[in-house]
Amino acid sequence: MDNQVIFAAAGNGKTYSLCAKARTAVENGNKYVLLLSYTNEGIRSLESEYRKQNGGILDERVIFKSWYSFLLSDYIKPYQCSLHLKEKRYKQEFSVTFPENFVSSIAFYDTDPPPRWYNQNHVQYFVNRCGDVIPDRVSHLAYLCNNHSNGKAISRMEEIYSHIFIDELQDYAGWDLEIIRLLFESKLLITCVGDYKQSTYRTNNSPKNSQYRDENIRKYFQELEKNGICITSYANTTRRFNHEICDFVNTIHGDTEAIVEPDGNIDGIDPVDNTGVYIMDIKYLSQYCEHYHPTILRYDKKAKIAFHHSCDVFNYGGAKGATYERVVIVPVSTTLPFLEKQTKITSNQTRAKFYVACTRAKYSVIFAVDKPKENAMFKSVKIQVADKVLPAYKFINDSLAT
């Protein structure tokens, strides 16, 4: 079995390994190799890493596409004329054939919900009056293009590509999962990488496969593995952050199957002061920021930063993929019970964004809290910052309840 699904920890080097595998595929074959990511930023990251590994150039037979571009160019546009759909006019339905190049793009500009009086047999269910596909229905229409053309979309890809590599797997949802399954069942060699703990985006909000949204996406691929369609594996070491941060982030999900551990050599690299995870009263954060100039992470633009600073500020989700030396995190109210009482964060999206924020720093994570207190996870300490001694509460792994 050649289809691989790799769930890799934050800082494991997912982009590096994906590009390394793609380079090997290019060198050992004569077909094109395709790399996919959900966002344009993800594509830029893949291109940059590939160039870095390949002497600054992109091979002629390596192609980078966003997921939506892939659905349009490899499924919908070549085979839209094969669709067997009806046009609904009032209460009547008429058979319709898509003219060549009828579908032009995706209606990202249209934020209004589509009309409810169309169903999956109607052209208007998928495409608006401008000939643009409704975003949440792109992958469903792509699936139908392959189905109604008797699999020609997949057959065409088998002739063009030898391998397809899919990055940021945790962001895929709805009919996208059925598209990936089609790829798994083809002659193509598919490799997917992602971290289900970092499911901060969704490719769409289709009700299809809603039980596998966000971190539950892992279950979808585990079921495919049981059916012999793919192999799932875990890459749980990180080269980004130290053992103290690893111990803390492992408490966020409490997932014993995917315990994050530091790379074997990381603890011996660049020893620095005041490493680990802390809670600090906001009244001391100005002094801390003046000395270390950390990156500040907040949930969104509405989050108030109640201390003076001159640091860079990013939203939790916007920091995804980045690495900083030190971070100060402004926790939202729904994460405070976790920090104070170890109460599980119940919202999947909040938990994922919080996890992303906590896995950005190499050396230290500071939570900015108003009037914090010692608790089961965080113990009172004093830290030396330049010529000042600041009170804080440090995460101590031995204090975790069993």
### Task
Given salt bridge (charged side-chain N to carboxylate O under 4.0 Å, His left out), test Arg351 with Glu215 step by step and report yes or no.
CA-CA 10 Å; Arg351 185 165 57 248; Glu215 62 193 58; 3.1 Å; yes

### Message
Run Glu41 and Arg44 through salt bridge (charged side-chain N to carboxylate O under 4.0 Å, His left out) and show every step you take.
### Response
CA-CA 5 Å; Glu41 181 59 37; Arg44 286 191 288 269; 3.0 Å; yes

### Message
Suppose we screen for salt bridge (Lys or Arg N to Asp or Glu O under 4.0 Å). Which residues come up paired with Glu87, at least two apart in sequence or across chains?
### Response
Arg89

Just by distance, with hydrogens left out, do [X] and [Y] show a side-chain donor and acceptor under 3.5 Å apart?
X	Y	value
Ser66	Ser69	no
Arg298	Asn315	yes
Asn348	Ser199	no
Asn236	Glu261	no
Asp273	Tyr363	no
Ser233	Gln4	no
Tyr79	Asn150	no

### Task
Look at the side chain of Asp263 and the backbone N and O of Thr237, then say whether any donor-acceptor pair between them is shorter than 3.5 Å.
no

### Message
Donor-acceptor pair, distance only, cut-off 3.5 Å: does the side chain of Arg213 make one with the backbone of Asn205?
### Response
yes

Is a salt bridge present between [X] and [Y], judged by a nitrogen-to-oxygen distance below 4.0 Å?
X	Y	answer
Lys226	Glu223	no
Glu159	Lys31	no
Asp74	Lys65	yes
Asp171	Lys320	yes
Arg218	Asp255	yes

## Note on the structure
For Thr323, the side-chain hydrogen bond (donor to acceptor under 3.5 Å, both in side chains) test, sequence neighbours excluded, returns Arg240

### Message
Quick test of your reading: applying ring pair (Phe, Tyr, Trp, His ring centres under 6.0 Å), list the pairs with at least one residue in residues 213-235, sequence neighbours left out, ordered by first then second residue.
### Response
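Matches after skipping sequence neighbours: Phe7-Tyr234, Tyr212-Tyr220.
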
### Task
Quick one: list whatever passes side-chain contact (heavy atoms from CB on, under 4.5 Å) with Ser186, sequence neighbours left out.
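Partners of Ser186 under the side-chain contact (heavy atoms from CB on, under 4.5 Å) test: Ile154, Glu158, Leu188.
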
### Message
Which residues pass the side-chain contact (heavy atoms from CB on, under 4.5 Å) test with Asp59, not counting sequence neighbours?
### Response
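If we apply the side-chain contact (heavy atoms from CB on, under 4.5 Å) test to Asp59, skipping adjacent residues, the hits are Val26, Tyr50, Asn54, Val62.
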
### Message
Do Arg326 and Tyr292 form a cation-pi contact, if we require the NZ or CZ to be under 6.0 Å from the six-membered ring centre and within 45 degrees of the ring's axis?
### Response
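Yes; both conditions hold, so Arg326 lies above the ring face of Tyr292.
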
Is the [X] ring parallel, tilted or perpendicular to the [Y] ring (thresholds 30°, 60°)?
X	Y	answer
Phe70	Trp67	tilted
Phe367	Phe378	perpendicular
His122	Tyr118	perpendicular

### Query
Between Tyr161 and Tyr32, does a ring pair (Phe, Tyr, Trp, His ring centres under 6.0 Å) hold up when you go through it step by step?
CA-CA 5 Å; Tyr161 309 118; Tyr32 286 90; 7.1 Å; no

### Query
Going through the checks in order, is the salt bridge (charged side-chain N to carboxylate O under 4.0 Å, His left out) test met by Arg23 and Glu27?
CA-CA 6 Å; Arg23 288 184 61 228; Glu27 293 170 0; 3.7 Å; yes

### Task
Give the intermediate values and the outcome of side-chain hydrogen bond (donor to acceptor under 3.5 Å, both in side chains) for residues Glu374 and Ser380.
CA-CA 6 Å; Glu374 186 174 271; Ser380 179; 4.7 Å; no

#### Entry: Intermediate values then yes/no, ring pair (Phe, Tyr, Trp, His ring centres under 6.0 Å), Tyr288 and Tyr284
CA-CA 7 Å; Tyr288 182 89; Tyr284 300 114; over 10 Å; no

### Minimum-distance pair of heavy atoms, taken over all atoms of Ser139 and Asp176
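Looking at all heavy atoms of both residues, the shortest contact is CB-OD1, 2.9 Å.
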
### Query
Out of Ile229, Leu169, Asn3, which residue meets the side chain to side chain contact (heavy atoms under 4.5 Å, CB included) rule with Ile180?
Leu169

### Query
Please walk me through it: do Lys283 and Asp370 pass salt bridge (charged side-chain N to carboxylate O under 4.0 Å, His left out)?
CA-CA 8 Å; Lys283 65 184 179 182; Asp370 185 28; over 6 Å; no

### Task
Name all residues meeting the ring-ring contact (aromatic ring centres under 6.0 Å, His included) criterion together with His291; count only those two or more places apart in sequence or in a different chain, and write none if there are none.
none

